[in-house]
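Note that ligands are numbered from 1 as they come in the structure, with each ligand's atoms numbered from 1 the same way.
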Amino acid sequence: AWGYEGDIGPCNWHKYFPKAGGKRQSPIDIDTSATQYDGSFKPLRIHYDSHMCSSLTNNGHTFCMSVNSDQCNLSGGPLEDKYRLLQFHCHWGSDDTKGSEHTVDGHQYAAELHLVHWNTDKFKSADEAIEKNQGIAVLTAFIKAGKEHRGWNHVLSHFKDIKKVQGTSTVNEDFNPKCLLPENQTDYWTYEGSLTTPPCHESVRFIIFKEVVEVSSEQLAQFRSLCVCSSRKRDTGEDEHLVDNFRPIQPLNGRVVKASFQ
Ligand SMILES: NS(=O)(=O)c1ccc(O)c(NC(=O)NCCCCO)c1
Ligand SMILES: [Zn+2]
């Protein structure tokens, strides 16, 4: 078992998951003075359909909205191949001052959305792609406290069904995850990294939008309503809530973060 604090926390992940000590780990700090503009990127093509039945689970590390539609595809931008949406999830803090995994010039946001896609041109399954270079592409959006985000309510309204770990809820309504992304989808940073949780496979191309998405403080509080385990209660009998599920930033090791904008 691994977690985000104590002996099973990020500093010890490498003992059981050796890739966690690799040279292209994520997340990283994006030093905007060191990013390199790349004018060769084609427009990002994000085509999601709405009628994809998906199920929402609490896996003890985050909520995960799994998607099983072969109509949700991503290509273009820095990507050479076509990728298919597999799932999306978030990382968040115990208060609005922390929670994102990547930081920008040292600034940490309240939360971070990851839309996880796998390379359907190069691999036969997501399970194969997740371990291989160029196997995974993660669209990433920073989240800060501000005005309410109506799209997020389609996801948050199911949280009461998944409060406990291994809770599952089927989401059938007409929901398109594209509504969770910022309006500006042309300005982003991109670099090659890893899964930010064990097993930390170095298989991920991150595409991180510059524009930050706003959700209300009350909506952020709903993220924190999830519990970390199904049974164990603290000695005081109260639930242990799932918060601060973000990995500390990792060494860049000479990697260059490219920018789609000047
Ligand atoms: N944060 S991430 O880089 O976008 C990311 C994308 C896809 C993933 O599969 C993982 N990690 C993962 O699945 N770990 C297995 C145990 C967790 C649930 O038991 C992390
Ligand atoms: Zn993630």
One checks the Zn ion (ligand 2) and counts protein N, O or S atoms under 2.8 Å, reaching 3
With a 4.0 Å cut-off on heavy atoms, is P198 touching ligand 1? yes
Polar contact flag for T197 and ligand 1 (N/O pairs, less than 3.5 Å): yes
Between atom CG of N133 and atom CZ of R205, what is the distance when rounded to the nearest 0.5 Å? 9.5 Å
Of all the non-hydrogen atoms in the protein, which one sits nearest to atom 19 (O) of ligand 1, and at what distance? H61 CD2, 3.7 Å
Are the aromatic rings of H91 and Y4 close, with centres under 6.0 Å apart? no
Using a 4.0 Å heavy-atom cut-off, say whether I130 meets ligand 1 through its side chain, its backbone, both or neither. side chain
Does H89, backbone or side chain, put an N or O under 3.5 Å from an N or O of ligand 1? yes
Is the ring centre of F159 less than 6.0 Å from the ring centre of W152? no
Give a yes-or-no answer on whether the side chains of S69 and Y48 include a donor-acceptor pair shorter than 3.5 Å. no
Would you check whether T196 has a nitrogen or oxygen atom less than 3.5 angstrom from a nitrogen or oxygen atom of ligand 1? yes
Please work out whether any backbone atom (N, CA, C, O) or any side-chain heavy atom from C-beta onward of L195 is under 4.0 Å from ligand 1, and answer side chain, backbone, both or neither. both
